[in-house]
Amino acid sequence: MTPAFGDRLARAFAKRGRLCVGIDPHAHLLEEWGLPASADGLRSFGLTVVEAAAGRAGIVKPQVAFFERFGAAGYAALEEVLAAARAAGLLVIADVKRGDIGTSVTAYAEAWLTPGSPLESDAMTVAAYQGVGSLADAMALGAAAGKGLFVLAATSNPEAAAVQQAIVQSGPRTGLSVARAIIEDVHSFNQEQDARAAYGSVGLVLGATVELADYGIDVATAGERTPALPVLAPGFGHQGARVEDVSRLFGSLASGVIVSESRGLLSAGPSGLADAIGRRAEEVRASHG
Ligand SMILES: O=c1ccn([C@@H]2O[C@H](COP(=O)(O)O)[C@@H](O)[C@H]2O)c(=O)[nH]1
């Protein structure tokens, strides 16, 4: 039987720590790295990040948007990068942020989470704007294949706060913020899946740049649940969050936190990247276990 994503995540934490290296081939980074603004440039960039991350970090997160800019050729490059990362033993979170009515979001999950699919990844990011219920079949598909999903809840960008702090007006989550309601729905799914697992297979995206209290989330207690909630936390480095603040920011949720950083590491360039990742992985371990 395929191990659950939550179990694979726990193993990655134990073996390589909690650092997740973003694969974000921004146009300016391709230029700084001396690479062409083309699918070949993306391929080199991605494969270089994979090589630098392998053995130093446990998780990578390709930002699919940067590959999509180059159409089919960009996707072909991405397929190679995903395969190389998985072959190197890295857990791959495809940052695709998909969301739609249930049948369509399930097709997205088939694309990114089906074993043997050209875009096979270990987990994908999804958006719950159409309701967490619209993600139910995709979550079930992921669980059956040992894959994970990370649902956007309190994202790192300041423009999102007004929507994500809004109060739910109907249904069982009435009175909670949208972000908090998403957390509760995800936890319910994880409990129904396997109430005794150490980590759930569905997690949240909670930005490291936000104060979760502003979303009605009490970090002192929010993580006191079984299974523990995986938390993909972008916002470190370039967006200003600091690794040493993980415990303060996430409190009882910290045991599930994946420290995600892209530009802050990638700006070290191809020759300095491995050292930068190694150093950051140590800092994460020192501050966070
Ligand atoms: O709330 C979110 C969700 C996703 N992201 C993504 O993470 C990286 C962050 O890149 P940095 O260079 O470390 O700022 C990027 O791919 C975003 O699309 C996020 O920033 N915030």
Side-chain angles (χ1 to χ4, degrees), residues 19-57 59-88 90-99 108 111-113 117-127 150 152 155-160 205 207-209 232-241 258-281:
L19 179 65
C20 169
V21 181
I23 306 181
D24 294 40
H26 289 258
H28 73 91
L29 286 174
L30 289 173
E31 197 178 327
E32 285 160 34
W33 283 39
L35 292 170
S38 67
D40 281 344
L42 298 179
R43 183 179 295 102
S44 289
F45 187 97
L47 294 176
T48 301
V49 179
V50 166
E51 198 180 318
R56 296 181 180 86
I59 308 169
V60 290
K61 183 178 79 61
Q63 173 48 261
V64 172
F66 292 109
F67 293 84
E68 209 163 289
R69 291 170 67 222
F70 293 86
Y75 266 88
L78 177 61
E79 287 177 15
E80 283 185 49
V81 173
L82 296 174
R86 300 190 68 246
L90 293 157
L91 274 189
V92 178
I93 302 174
D95 199 351
V96 282
K97 300 191 182 69
R98 299 301 196 230
Y108 285 130
W112 295 95
L113 303 180
S117 153
L119 293 166
E120 180 179 358
S121 303
D122 298 293
M124 67 188 287
T125 54
V126 288
F150 288 89
L152 303 179
T155 59
S156 69
N157 55 316
E159 313 87 317
V205 176
T209 51
L232 176 62
F236 290 93
H238 191 89
Q239 292 181 48
I258 299 167
V259 173
S260 187
E261 183 170 353
S262 304
R263 285 167 291 183
L265 296 169
L266 301 169
S267 60
S271 55
L273 184 61
D275 282 351
I277 293 173
R279 272 197 307 276
R280 186 71 84 246

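- Residues Ala123 and Phe150 share a closest heavy-atom pair of CB-CE1, 3.8 Å.
- Listed for the Ser262 side chain is no donor-acceptor partner under 3.5 Å among the backbone atoms of Ile23.
- In this structure, CD in Gln63 is found 4.5 Å from NZ in Lys97, a value given to the nearest 0.5 Å.
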query: Please walk me through it: do Arg263 and Asp24 pass side-chain contact (heavy atoms from CB on, under 4.5 Å)?
result: CA-CA 7 Å; Arg263 285 167 291 183; Asp24 294 40; 5.6 Å; no
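- When all heavy atoms of Cys20 and Lys61 are compared, the pair lying nearest together is SG-CB, 3.5 Å.
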task: Before giving the answer on side chain to side chain donor-acceptor pair (under 3.5 Å), spell out for Asp40 and Ser38 the whole-Å C-alpha distance, their side-chain angles and the decisive distance to 0.1 Å.
output: CA-CA 5 Å; Asp40 281 344; Ser38 67; 4.9 Å; no
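- The shortest distance between side-chain heavy atoms of Trp112 and Val64 falls below 4.5 Å.
- Around atom CD of Glu31, no more than 12 heavy atoms belonging to other residues, nucleotides or ligands sit under 6.0 Å away.
- In terms of heavy-atom proximity, Arg56 sits nearest to Glu51 at NH1-O, 3.9 Å.
- With Ser121 contributing its side chain and Val92 its backbone, the two residues share no donor-acceptor pair below 3.5 Å.
- The side chain to side chain contact (heavy atoms under 4.5 Å, CB included) test with Val205 singles out one residue from Leu152, Ile93, Asp95, and that residue is Leu152.
- In the displayed structure, Glu80 atom CD is contacted under 6.0 Å by more than 12 heavy atoms of other residues, nucleotides or ligands.
- In this structure, Leu42 and Leu78 have side chains that are not in contact, with every pair of non-hydrogen atoms separated by 4.5 Å or more.
- Once rounded to the nearest 0.5 Å, the distance linking CG of Leu119 with OH of Tyr75 reads 7.0 Å.
- Between the CD atom in Glu261 and the CD1 atom in Ile277 there is a gap of 9.5 Å [rounded to 0.5 Å].
- Here the closest heavy-atom approach between residue Val60 and residue Ala85 is recorded as CG2-CB, 3.9 Å.
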query: Hey, mind stepping through Glu120 and Leu82 against side-chain contact (heavy atoms from CB on, under 4.5 Å) and telling me if it holds?
result: CA-CA 7 Å; Glu120 180 179 358; Leu82 296 174; over 6 Å; no
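- Contact record, Thr209 with Gln239: CG2-O, 3.5 Å, taken as the closest heavy-atom pair.
- Each of Val50, Val49, Asp122 was evaluated against Leu90; a single residue qualifies, Val50, per the side chain to side chain contact (heavy atoms under 4.5 Å, CB included) test.
- Between the side chain of Trp33 and the main chain of Pro25, no donor-acceptor pair closer than 3.5 Å is present.
- Across all their heavy atoms, Ala37 and Leu30 have their closest contact at CA-CD1, 4.1 Å.
- Contact check for Phe236 versus Arg280: no side-chain heavy atoms found under the 4.5 Å cut-off.
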